[in-house]
Amino acid sequence: MRRHPRRGEAGREVSEVPSAQGAEVGRRIGVGLMYGLWKPRVLGAWRVPAAGPAILAVNHSHNIDGPMVMGVAPRPTHFLVKKEAFVGPLDPFLTRIGQLKVDRDTTDRAAITRALDVLSAGGVLGIFPEGTRGEGDFAALRAGLAYFAVRSGAPVVPVAVLGSSERQGRLIKGLPPLRHRIDVVFGEPFEAGDGSGRRTRTALDEATERIQKQLTEHLENARRLTGR
């Protein structure tokens, strides 16, 4: 259910919860596009909890990684997306399909609130824990994932997207070749916190280390499994 805009502390307006129905529309669009343009091979999707809050922690080496996971995940997903992507007609479109605009250069409290609202409503939040597109090896994680996981208590599901950045297509530069196989491997859910419920800086740092270990191990296993 979507909430009406409400007033937060000091009268600050907080945006309504992203639409779960919109995220489902986004998932269906993603299914058509991803399977129509490329050849996704999805492994371990059954590991995503069938109900309740969950966080998909996705490696990020190409711009299609988010849409790919949106299309192949078994549940509608609300991704935290950099505000720079919300330009022109993409702005209302991304908003309607339940995606979350975030300013990466500051502490975006509105985005944080919306993301926590998604989890408190039992939804799935998608995060690129590296913060930006790079090697996609989980080598450098920001603290955001640990904060959301510890604050909400939602399990973290590692997701490895492999093959999206291997080579460029001939027809559309910057995208993988049409009908190219892309592997998406979902890992075992895990709890990021230590069970104490602490939200201190030390607890978040420890959770980040725990998350990085789990994500790195999953990526290594996914590469062995897929041969990539």
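Side-chain contact check for Leu80 versus Lys101: every heavy-atom pair is 4.5 Å or farther apart. By the 4.5 Å heavy-atom criterion applied to side chains, Arg223 and Leu162 are counted as neighbours. At least one side-chain heavy atom of Leu215 sits under 4.5 Å from a side-chain heavy atom of Ile211. Looking at Tyr35 and Pro40, their side chains come closer than 4.5 Å, going by heavy atoms from C-beta outward. In this structure the side chain of Ile182 never reaches within 4.5 angstrom of the side chain of Lys39, judged on heavy atoms. A 4.5 Å side-chain heavy-atom check between Leu125 and Leu100 finds at least one atom pair inside the cut-off. The shortest distance between side-chain heavy atoms of Pro155 and Glu191 falls below 4.5 Å. In this structure, the side chains of Leu175 and Trp38 come closer than 4.5 Å at one or more pairs of heavy atoms.
Remark: side-chain polar atoms of Arg224 are not paired, donor with acceptor, to backbone N or O of Leu219 under 3.5 angstrom. Judged purely by atom type and a 3.5 angstrom limit, Ser152 uses its side chain to pair as donor or acceptor with the backbone of Ala154. Between the side chain of Glu188 and the main chain of Arg47, no donor-acceptor pair closer than 3.5 Å is present. A distance-only check finds no donor-acceptor pair linking the side chain of His78 to the backbone of Arg114 [under 3.5 Å]. For Thr77 (side chain) and Phe79 (main-chain N/O), no donor-acceptor pair under 3.5 Å exists by modelled atom type. Between the side chain of Arg179 and the backbone N or O of Gly36 there is at least one donor-acceptor pair closer than 3.5 Å. Judged by distance alone, the side chain of Asp91 and the main-chain N or O of Val87 form no donor-acceptor pair under 3.5 Å.
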Audit row: Lys213, Glu209, salt bridge (charged side-chain N to carboxylate O under 4.0 Å, His left out) steps and yes/no: CA-CA 6 Å; Lys213 180 176 183 294; Glu209 292 180 9; over 6 Å; no
Audit row: Arg181, Arg228, side-chain contact (heavy atoms from CB on, under 4.5 Å) steps and yes/no: CA-CA 11 Å; Arg181 196 191 84 205; Arg228 309 190 93 141; 3.4 Å; yes
Evaluation steps, side-chain contact (heavy atoms from CB on, under 4.5 Å), between Thr113 and Leu116: CA-CA 5 Å; Thr113 297; Leu116 290 173; 5.9 Å; no
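Using a 4.5 Å cut-off between side-chain heavy atoms of Ile, Leu, Val, Met, Phe, Trp and Tyr, with links allowed through other members, Leu90 and Met70 fall into the same hydrophobic cluster. By the criterion of side-chain heavy atoms lying less than 4.5 angstrom apart, applied directly or through intervening Ile, Leu, Val, Met, Phe, Trp or Tyr residues, Val81 is grouped together with Met68 in one hydrophobic cluster. Note on Phe186: it clusters hydrophobically with Phe128, by side-chain heavy-atom contacts below 4.5 Å among ILVMFWY residues. Note on Ile127 and Val156: same hydrophobic cluster, where clusters join Ile, Leu, Val, Met, Phe, Trp and Tyr whose side-chain heavy atoms are under 4.5 Å apart, directly or indirectly. Each of Val31 and Val185 belongs to its own hydrophobic cluster when Ile, Leu, Val, Met, Phe, Trp and Tyr are linked at side-chain heavy-atom distances under 4.5 angstrom.
Residues that satisfy the salt bridge (Lys or Arg N to Asp or Glu O under 4.0 Å) test with Arg27, not counting sequence neighbours, are Glu24.
Within a 6.0 Å sphere centred on CZ of Arg96, other residues, nucleotides and ligands contribute 12 heavy atoms or fewer. Annotation: Arg28, atom CZ; neighbour count of heavy atoms from other residues, nucleotides and ligands within 6.0 Å does not exceed 12.
Residue pairs meeting the salt bridge (Lys or Arg N to Asp or Glu O under 4.0 Å) criterion with at least one partner in residues 66-81, sequence neighbours excluded, are absent.
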Going by atom type alone, with no hydrogens or angles, which donor-acceptor pairs under 3.5 Å involve a side-chain atom of residues 48-58 and a protein atom two or more places apart or on another chain?
none

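Results of the side-chain hydrogen bond (donor to acceptor under 3.5 Å, both in side chains) test with Ser164 over Asn59, Asn63, Asp65 single out Asp65 as the only residue that passes.
Annotation for Val118 and Val124: closest pair CG1-O, 3.9 Å, computed over non-hydrogen atoms.
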